[in-house]
Amino acid sequence: MDAYDYRRALDWAVALGAPLLTRYGVNPPYTPAACRAAEFDPGKLLEETWGVTDIEGVRHLAERMWSGVHNPGFQHTRLLFSGMTLDQRRHYVDGVREHERYGEWYAVHLYMDRLPPAGIAAWDLGQLAFYLRCARLEEYIGEEEEEICLLHTAVRARFSYRSWPDYAIAYMAGRQFAARDLSEEGSKIDAETLRVPLIGESSPWRELEWEIDLPEPPELPWASEHP
């Protein structure tokens, strides 16, 4: 792979985080300079959202996201629901409206037949792409480590979904599952957050084809530390 194709692959990987980058006012093509111009606080976001304050925290977060933070719960409920007919599933979910997990169960019911086997992995992977950029901005990791982690994230996403719209649906389903928020207001916010990446004039989602060639990700920087 030549330098041009490698850079396009990295741009593709960064674009997985487009929904959160858009939310925090970053304009395409989502370079570090564009992130700094948006004037959000990457260190505060990392610490308040994930408790990450150093390189070890970033690496632990990456491993968690690749394994799945919210997707395992979604897939577990999806498996349970798979033994029901659509009417049985609808009746069950309608009967638990007062339960604290109703939002999760309804999200699974709503999306399980629309998503590929990867489920809501897009939510975990999209968040990670954003927080890797935050970690680089905060200098917890350098450019090389960010690139390696982004490529590991990209490979997981690329072969889990069929298109950017397919990825977007899974991302939105994941956010709603995680937040237990299926309100009309929340759905409008989700739709607006995804609108810019999907149809924005300079969006990488429009300029970079989903079926892009990705290089084999290099070994993770910390792999040799844990034989």
- Ion pair present between Arg7 and Glu147, side-chain N to carboxylate O less than 4.0 angstrom?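 So Arg7 pairs with Glu147 through a salt bridge.
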Say you draw a straight line from [atom1] of [X] to [atom2] of [Y]; how long is it, rounded to the nearest 0.5 Å?
{"X": "Trp12", "Y": "Glu207", "atom1": "CH2", "atom2": "CD", "value": "15.0 Å"}
{"X": "Cys134", "Y": "Asp41", "atom1": "SG", "atom2": "CG", "value": "9.0 Å"}
{"X": "Arg175", "Y": "Arg180", "atom1": "CZ", "atom2": "CZ", "value": "13.0 Å"}
{"X": "Tyr106", "Y": "Phe177", "atom1": "OH", "atom2": "CZ", "value": "15.5 Å"}
{"X": "Met65", "Y": "Arg156", "atom1": "CE", "atom2": "CZ", "value": "13.0 Å"}
{"X": "Thr31", "Y": "Asp11", "atom1": "OG1", "atom2": "CG", "value": "9.5 Å"}

Do [X] and [Y] have side chains that approach each other closer than 4.5 Å (heavy atoms only, starting at C-beta)?
{"X": "Thr77", "Y": "Glu104", "answer": "no"}
{"X": "Val196", "Y": "Ser203", "answer": "no"}
{"X": "Arg8", "Y": "Asp213", "answer": "no"}
{"X": "Pro72", "Y": "Phe74", "answer": "no"}
{"X": "Leu132", "Y": "Leu128", "answer": "yes"}
{"X": "Ile148", "Y": "Pro221", "answer": "yes"}
{"X": "Arg90", "Y": "Asp94", "answer": "yes"}
{"X": "Leu86", "Y": "His109", "answer": "yes"}

Check for a donor-acceptor pair, side chain of [X] on one end and backbone N or O of [Y] on the other, with a separation under 3.5 Å.
{"X": "Arg133", "Y": "Tyr30", "value": "yes"}
{"X": "Asp124", "Y": "Gly68", "value": "no"}
{"X": "Trp123", "Y": "Val69", "value": "no"}

- Message: Is it true that Trp222 and Glu63 share a donor-acceptor pair across their side chains at a distance under 3.5 Å?
- Response: yes
- Task: Check ring pair (Phe, Tyr, Trp, His ring centres under 6.0 Å) between Tyr92 and all other residues, then give those that pass, not counting sequence neighbours.
- Result: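 Ring pair (Phe, Tyr, Trp, His ring centres under 6.0 Å) list for Tyr92, sorted by chain: Phe81.
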- Got a sec, which residues hit salt bridge (charged side-chain N to carboxylate O under 4.0 Å, His left out) with Arg206, two or more places apart in sequence or on another chain? none
- Partner residues of Arg136 under the salt bridge (charged side-chain N to carboxylate O under 4.0 Å, His left out) criterion, sequence neighbours left out: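 Partners of Arg136 under the salt bridge (charged side-chain N to carboxylate O under 4.0 Å, His left out) test: Glu143, Glu146.
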- Query: Does atom NE2 of His76 have more than 12 heavy-atom neighbours from other groups under 6.0 Å away?
  - Reply: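 Counting other residues, nucleotides and ligands, NE2 of His76 stays at 12 neighbours or fewer.
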- Query: Any chance CD of Glu211 has more than 12 other-residue heavy atoms, nucleotides or ligands included, within less than 6.0 Å?
  - Reply: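 Result for CD/Glu211: enclosed.
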Hydrophobic cluster identity match, [X] and [Y], side-chain contacts under 4.5 Å:
{"X": "Leu198", "Y": "Ile212", "value": "yes"}
{"X": "Leu214", "Y": "Tyr4", "value": "no"}
{"X": "Leu194", "Y": "Leu110", "value": "yes"}

- Message: Does Glu47 form a side chain to side chain contact (heavy atoms under 4.5 Å, CB included) with Val52? I'd like the steps, not just the answer.
- Response: CA-CA 5 Å; Glu47 183 172 8; Val52 171; over 6 Å; no
Aromatic centroids of [Y] and [X] separated by under 6.0 Å:
{"X": "Tyr24", "Y": "Phe130", "result": "yes"}
{"X": "His60", "Y": "Trp50", "result": "no"}
{"X": "Trp205", "Y": "Trp210", "result": "no"}

- Task: Specify whether Tyr167 and Tyr171 have parallel, tilted or perpendicular ring planes, treating 30° as the upper limit for parallel and 60° as the lower limit for perpendicular.
- Result: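 Taking Tyr171 first and then Tyr167, their aromatic rings sit tilted (interplane angle of 30° to 60°).
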Taking every non-hydrogen atom, the tightest pair across [X] and [Y]:
{"X": "Arg78", "Y": "Pro116", "value": "NH1-O, 3.1 Å"}
{"X": "Ala170", "Y": "Leu115", "value": "CA-CD2, 3.7 Å"}
{"X": "Ala15", "Y": "Pro204", "value": "CB-CB, 3.8 Å"}
{"X": "Asn71", "Y": "Ile120", "value": "OD1-N, 2.8 Å"}
{"X": "Gly17", "Y": "Ala129", "value": "N-CB, 3.6 Å"}
{"X": "Leu150", "Y": "Ala13", "value": "O-CB, 3.6 Å"}

- Message: Run the side chain to side chain contact (heavy atoms under 4.5 Å, CB included) test on Tyr161 and Ile169 for me, step by step, so that the C-alpha distance in whole Å, both residues' side-chain angles and the decisive distance to 0.1 Å come before the verdict.
- Response: CA-CA 10 Å; Tyr161 301 99; Ile169 292 171; over 6 Å; no
- Message: Run Tyr131 and Thr49 through side chain to side chain contact (heavy atoms under 4.5 Å, CB included) and show every step you take.
- Response: CA-CA 10 Å; Tyr131 286 112; Thr49 309; 3.6 Å; yes
- CA sep, side-chain torsions, deciding dist, call: Arg89, Met112, side chain to side chain contact (heavy atoms under 4.5 Å, CB included): CA-CA 11 Å; Arg89 204 167 77 208; Met112 62 179 283; 3.4 Å; yes
